[in-house]
Amino acid sequence: MKDTVIKIAPSILSADFSKMGDEVMDLEKKGADIIHVDVMDGVFVQNITFGMKMVKDIRKVTSLPLDVHLMIVEPWKYVEKFAEAGADIITVHYEACKERLEETLKLIKRTGKKCGFVINPDTPVEPVQNLVSMCDMVLVMSVFPGKGGQKFIPEVLPKVEKFRKIIDEQGLDVDLEIDGGVNFDNASLIKRSGANVLVAGNTVFTADDRALAISRLKNL
Ligand code: DX5
Ligand code: ZN
């Protein structure tokens, strides 16, 4: 693996929304590398979270990269708006734009932001493998998207290995992120499979000591 630096990206889905600014500042203070921002539209997934305004407002309180995970239909309609709001990385689901994924990734690129695709636990690598080289990030879901605190699905790990192989064989500068159910028991296995960015909602937010939780996830 070319880039062995492990980054932890706490998901603000598990934060107290009534004090989001403080939560984000606290994560930065406690050693988070990236802030993972879960945008849900109530259509692509059942839940509704927040939109561009949240990105714009938390942009003011942190210098950490904002990793915006769009769980929305027709994401091409919104990527420019999220870019303007201050996202650094924008990822879109293959399942939400099967025929237009490449076009949508190019659209994100044109905004000057980093781009990536996300695949659900039951989506194979094959339909998207040729697009890895145009991405800055590849996100493998290890739960079905829609809510935090779900159980990790270990069957997705062979896909992580496949993406790692593609990235390394082609010498690409692409982050490989995993999202859903990451905890102290599976972090080490996930890293061995080749992921270098670990999203963690529940594990960080339920910890008594968030700094310790982040450093354990990073160093386990
Ligand atoms: C799921 C979201 C994830 C998730 C992570 O739809 O994309 O970011 O909330 O939370 P945990 O770590 O609690 O599974
Ligand atoms: Zn997410």
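For ligands, and for the atoms within them, numbers begin at 1 and follow the listed sequence.
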- Provide the atom name of the closest N, O or S atom of Asp38 relative to the Zn ion (ligand 2). OD1
- Message: Could you measure the distance from the CD1 atom of Ile35 to the CD1 atom of Ile89? Nearest 0.5 Å is fine.
- Response: 11.0 Å
- Please identify which atoms of ligand 1 are closer than 4.0 Å to at least one heavy atom of Gly148. 9 (O), 10 (O), 13 (O)
- Can you list the steps and then say if Lys30 with Asp209 is a salt bridge (charged side-chain N to carboxylate O under 4.0 Å, His left out)? CA-CA 9 Å; Lys30 303 286 167 61; Asp209 184 339; over 6 Å; no
- Query: Going by the order shown, which atoms of ligand 1 are within less than 4.0 Å of some heavy atom of Leu13?
  - Reply: 9 (O)
- Could you list which atoms of ligand 1 come closer than 4.0 Å to a heavy atom of Gly181? 11 (P), 12 (O), 14 (O)
- Report, in ascending order of atom number, the atoms of ligand 1 lying under 4.0 Å from any heavy atom of His69. 7 (O)
- Query: Any chance the side chains of Thr111 and Glu80 put a donor and an acceptor closer than 3.5 Å?
  - Reply: no
- Message: Can you confirm whether more than 12 heavy atoms, excluding those of Gln129, are under 6.0 Å from its CD atom?
- Response: yes
- Rounded to 10 degrees, the angle NE2 of His36 makes with ND1 of His69 at the Zn ion (ligand 2): 100°
- Message: Quick test: of every protein heavy atom, which one is nearest to atom 6 (O) of ligand 1, and how far off is it to 0.1 Å?
- Response: Gly146 N, 2.8 Å
- Item | Over 12 foreign heavy atoms within 6.0 Å of OH, Tyr78 | no
- Message: Can you confirm whether Lys218 is buried at NZ, in the sense that more than 12 heavy atoms of other residues, nucleotides or ligands lie under 6.0 Å from that atom?
- Response: yes
- Logged contact type for His36 with ligand 1, heavy-atom cut-off 4.0 Å, is side chain
- Is it the case that Glu95 and Thr123 place a side-chain donor and acceptor less than 3.5 Å from each other? yes
- Query: ligand 1 versus Asn202, non-hydrogen atoms closer than 4.0 Å: side chain, backbone, both, neither?
  - Reply: both
- Item | Test of ring centre spacing under 6.0 Å for His93 and Phe117 | no
- Answer yes or no: does atom CD of Glu99 have more than 12 heavy-atom neighbours from other residues, nucleotides or ligands under 6.0 Å? no
- Message: Using a 4.0 Å heavy-atom cut-off, which part of Ser11 comes near ligand 1: side chain, backbone, both, or neither?
- Response: side chain
- Message: Tell me whether Val199 has any N or O atom under 3.5 angstrom from an N or O of ligand 1.
- Response: no
- Query: Do any N/O atoms on Val143 end up under 3.5 angstrom from N/O atoms on ligand 1?
  - Reply: no
- Item | Distance filter under 4.0 Å to Pro145 heavy atoms, resulting ligand 1 atoms | 6 (O)
- For residues Asp38 and Ser11, is any side-chain donor paired with an opposing acceptor at under 3.5 Å? yes
- In terms of its nearest heavy atom to atom 7 (O) of ligand 1, the top option of Leu139, Asp179, Thr206 is Asp179
- Numbering the atoms of ligand 1 from 1, which are under 4.0 Å from a heavy atom of Met71? 6 (O), 7 (O)
- Message: Please check whether Gly149 reaches ligand 1 - meaning an N/O of the residue sits under 3.5 Å from an N/O of the ligand, judged on distance alone.
- Response: yes
- Item | For atom 12 (O) of ligand 1, closest protein heavy-atom neighbour | Gly201 N, 2.8 Å
- Query: Going by the order shown, which atoms of ligand 1 are within less than 4.0 Å of some heavy atom of Ala200?
  - Reply: 12 (O)
- Message: Heavy-atom count check: over 12 atoms from other residues, nucleotides or ligands less than 6.0 Å from Lys114 NZ?
- Response: no
- Task: Report the C-alpha separation of Ser63 and Glu28 in whole Å, then their side-chain angles, then the decisive distance to 0.1 Å, and conclude whether the side-chain hydrogen bond (donor to acceptor under 3.5 Å, both in side chains) test is met.
- Result: CA-CA 8 Å; Ser63 56; Glu28 179 162 4; 3.1 Å; yes
- Message: Counting only nitrogen or oxygen atoms and a 3.5 angstrom limit, does Thr203 reach ligand 1?
- Response: no
- Task: Fit a plane to each ring of His69 and His36, take the angle between them on a 0 to 90° scale, and name the class: parallel (under 30°), tilted (30 to 60°) or perpendicular (over 60°).
- Result: tilted
- Task: Using a strict 4.0 Å cut-off to heavy atoms of Met141, name the atoms of ligand 1 that fall inside it.
- Result: 7 (O)
- Query: With respect to the Zn ion (ligand 2), what is the nearest N, O or S atom of Asp179?
  - Reply: OD2
- Message: I need the nearest protein heavy-atom contact for atom 1 (C) of ligand 1: residue, atom name and distance, please.
- Response: Lys147 O, 3.6 Å
